[in-house]
Amino acid sequence: MDFMKNFCIVILIALTNLAFSQQKKYAVVIHGGAGVMSQSAMSKERQAEYKAKLEEALHVGENLLKNGATSAEAVVEVIKILEDSPLFNAGKGAVFTANGENELDASIMEGKNLNAGAIAGVKDVKNPITAARAVMEKSEHVLLSGKGASEFAREQNLEMVKNKYFFTPSRYESLKRLQKQERERTPADNTGTVGCVALDIHGNLCAGTSTGGMTNKKYGRIGDSPIIGAGNYANNKTCAVSCTGHGEYFIRLGVARNISALMEYKNVTVAEACREEIGKLGELGGTGGVIAIDANGNVAMEFNTSGMFRGYITSTGEKEIAIFK
Ligand code: ASP
């Protein structure tokens with residue numbers, strides 16, 4: 001009798017531990033843009049700089065998630081770090097429009113309720129991802145653009161800056177070279193869009209993306225990054241996705257939503273869904289990449305360019321930070 005009782009207690013404890021450890025599962029995945037990158041053309045110091053920033057961002061996400069933060073909180077804080085760095089084409093390091101200004105796009109989506117928020121074509125919000133989150137949480141809309149988005153951000157007491165805050169010499173030179181037609185536009189002219197997807201210990205997914213778009217874009221051009229379903233998507237039933245690359249192709253294919261739909265309707269893994277969708281992107285002539293995570297914390301990072309700044313950390317101790325293929 002005693003043996004049976006002890007046996008039941010041991011089983012109960014084991015089951016409780018199992019449930020607890022499963023509940024505690026979290027992971028964070030980031031990208032800092034896909035594009036033409038060659039190991040020989042990028043100095044060791046430059047590579048180290050990128051990796052250090054990716055690592056810093058990942059650790060911020062990890063610490064938040066470990067301590068019970070929601071995936072939305074983690075996604076916003078991680079993306080803010082990348083937006084504040086001049087290394088990436090988002091926030092501070094945004095590329096220039098043909099008019100010599102910076103117009104920023106960002107979006108966020110939560111997998112638990114399919115709530116989403118986005119802003120497009122803003123010139124004066126220091127951290128566009130915070131404005132996207134405010135649209136999601138504090139408005140009845142999904143996407144605000146231009147002056148209306150800026151006014152909304154100001155009302156929400158978000159940090160506003162002058163457009164010249166986004167000036168960086170290297171991005172400006174890139175614009176000038178393209179405009180003088182010294183060379184063709186390459187995916188390197190846009191590289192640096194940032195994205196983050198996360199699974200929190202409550203079992204919820206979130207995806208966020210932030211970008212300056214494409215160098216020499218027409219003013220008013222909006223890419224895939226703030227378009228829910230194109231450059232960003234999250235659904236607890238399937239996965240959270242953030243895209244980077246030639247936005248027009250991602251919009252036409254509905255890449256982010258397609259990855260979720262492939263998992264839902266064809267029952268494929270997150271990695272298979274990402275591979276299939278990047279395959280279609282290539283067939284159409286588009287370049288770029290995606291990061292994704294499913295509700296069990298499985299991670300995928302797929303791209304058809306020579307590189308994508310990327311990395312992930314999971315609660316099971318897995319970690320990777322990489323640049324080249
Ligand atoms: N997808 C972004 C855009 O088209 C650019 C990029 O990710 O490289 O605006």
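One-based numbering, in listed order, for ligands and for the atoms of each.
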Report task. Salt-bridge test for E277 and K280: reply yes if a basic N is under 4.0 Å from a carboxylate O, no otherwise. Result -> yes
Requested in this report: Could you tell me whether S225 approaches ligand 1 through its side chain, its backbone, both or neither, with non-hydrogen atoms closer than 4.0 Å?
Outcome: side chain
**Report entry** Donor-acceptor pair between S107 and T209 side chains, under 3.5 angstrom
**Finding:** no
Query raised in the report: Ion pair present between E173 and K176, side-chain N to carboxylate O less than 4.0 angstrom?
Result: no
Query raised in the report: Is a salt bridge present between K319 and E55, judged by a nitrogen-to-oxygen distance below 4.0 Å?
Result: yes
Query raised in the report: Salt bridge between E151 and K147, side-chain N to carboxylate O under 4.0 Å?
Result: no
Query raised in the report: Considering only heavy atoms, which of R221, H246, E103 lies nearest to atom 9 (O) of ligand 1?
Result: R221
Requested in this report: Report the member of G213, G247, G245, A230 with the shortest heavy-atom distance to atom 2 (C) of ligand 1.
Outcome: G245
Query - Any N or O of T193 closer than 3.5 Å to N or O of ligand 1 - result: yes
Query raised in the report: Near T244, which atoms of ligand 1 are under 4.0 Å from a heavy atom of that residue?
Result: 6 (C), 7 (O), 8 (O)
Query raised in the report: Is there at least one pair of N or O atoms, one from D224 and one from ligand 1, spaced under 3.5 Å apart?
Result: yes
